[in-house]
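Below: the structure, in structure tokens.
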Amino acid sequence: MSELSFARIVVAALAAVMAGLGVFLFTPAAPGGVRMLPRAKMLGYALSTACWAWVAAELYLHPIDFLAFLTPTRVIVGAAVCLPLTWVLLNNLLCARAIGGLLMLWPMPVILAVRDQVTLWRLVPVSIGYLSLTFGMFVVFYPWIFRVCCDALSERRGLRHAVATAFVALGVLTAIAAIALGKVVGQ
């Protein structure tokens, strides 16, 4: 699978997640679900496992020069050791931190793959990616920010509906961008 194909899949999945999250925020179950999200234990375990698997896959497939001592075996063993340490040491607001980790991980393969695209639609996933990366860093280091945002969304109906509308609109825009991506410069 080419990098561009993978990026299109990630962008399409991002579009579906944003639109789905927007639709969910309009439902009556949204206030309770959003309030409980930062402290959801099982979801935190699952998402942190996904984060470490993603990091291990990236290091395995795209080794970094200054981390050359990390052989494929060491990468897998390192991820297997770091995962339970994450569960134990970062247990407070683990789900919020894991969401922040995913917000930091998804943009890089997309940005690298779409930088040579002819269409201006490449700016949609790149812009969303940089916003996601920045917010993800804040959430990983200061997970209480995510909790405060979730509390505000659960308590204020107007804010929740405004954010829901923005997510649905961004989901549609990102879906259009995913379809438009594909023509590489020079082809």
Measure the [atom1]-[atom2] distance between [X] and [Y] for me, rounded to the nearest 0.5 Å.
X: Asn92; Y: Arg39; atom1: CG; atom2: CZ; answer: 5.5 Å
X: Trp87; Y: Leu94; atom1: CH2; atom2: CG; answer: 9.0 Å
X: Phe146; Y: Asp151; atom1: CZ; atom2: CG; answer: 10.5 Å
X: Ser48; Y: Leu85; atom1: OG; atom2: CG; answer: 11.5 Å
X: Ser154; Y: Leu25; atom1: OG; atom2: CG; answer: 11.0 Å

So which atom in [X] and which in [Y] form the shortest heavy-atom distance, rounded to 0.1 Å?
X: Arg122; Y: Val114; result: CD-O, 3.3 Å
X: Phe167; Y: Met18; result: CB-O, 3.4 Å
X: Glu58; Y: Pro109; result: OE2-CG, 4.3 Å
X: Cys95; Y: Pro38; result: CB-O, 3.6 Å
X: Trp52; Y: Ala79; result: O-CB, 4.1 Å
X: Arg160; Y: Glu155; result: NH1-N, 4.5 Å

### Query
Side-chain heavy atoms under 4.5 angstrom apart, residues restricted to Ile, Leu, Val, Met, Phe, Trp, Tyr: same cluster for Trp121 and Val172?
yes
### Message
Do Leu83 and Leu93 land in one hydrophobic cluster if side-chain heavy atoms of ILVMFWY residues count as linked below 4.5 Å?
### Response
no
Kindly list each side-chain donor-acceptor pair under 3.5 angstrom involving residues 123-140, sequence neighbours excluded, with atom names and distances?
| unit_1 | atom_1 | unit_2 | atom_2 | d |
| --- | --- | --- | --- | --- |
| Ser127 | OG | Leu123 | O | 2.7 |
| Ser132 | OG | Leu103 | O | 2.8 |
| Ser132 | OG | Trp106 | NE1 | 2.9 |
| Thr134 | OG1 | Tyr130 | O | 2.9 |

#### Entry: Test log, rule side-chain contact (heavy atoms from CB on, under 4.5 Å), inputs Arg8 and Val110
CA-CA 8 Å; Arg8 289 181 78 186; Val110 172; over 6 Å; no
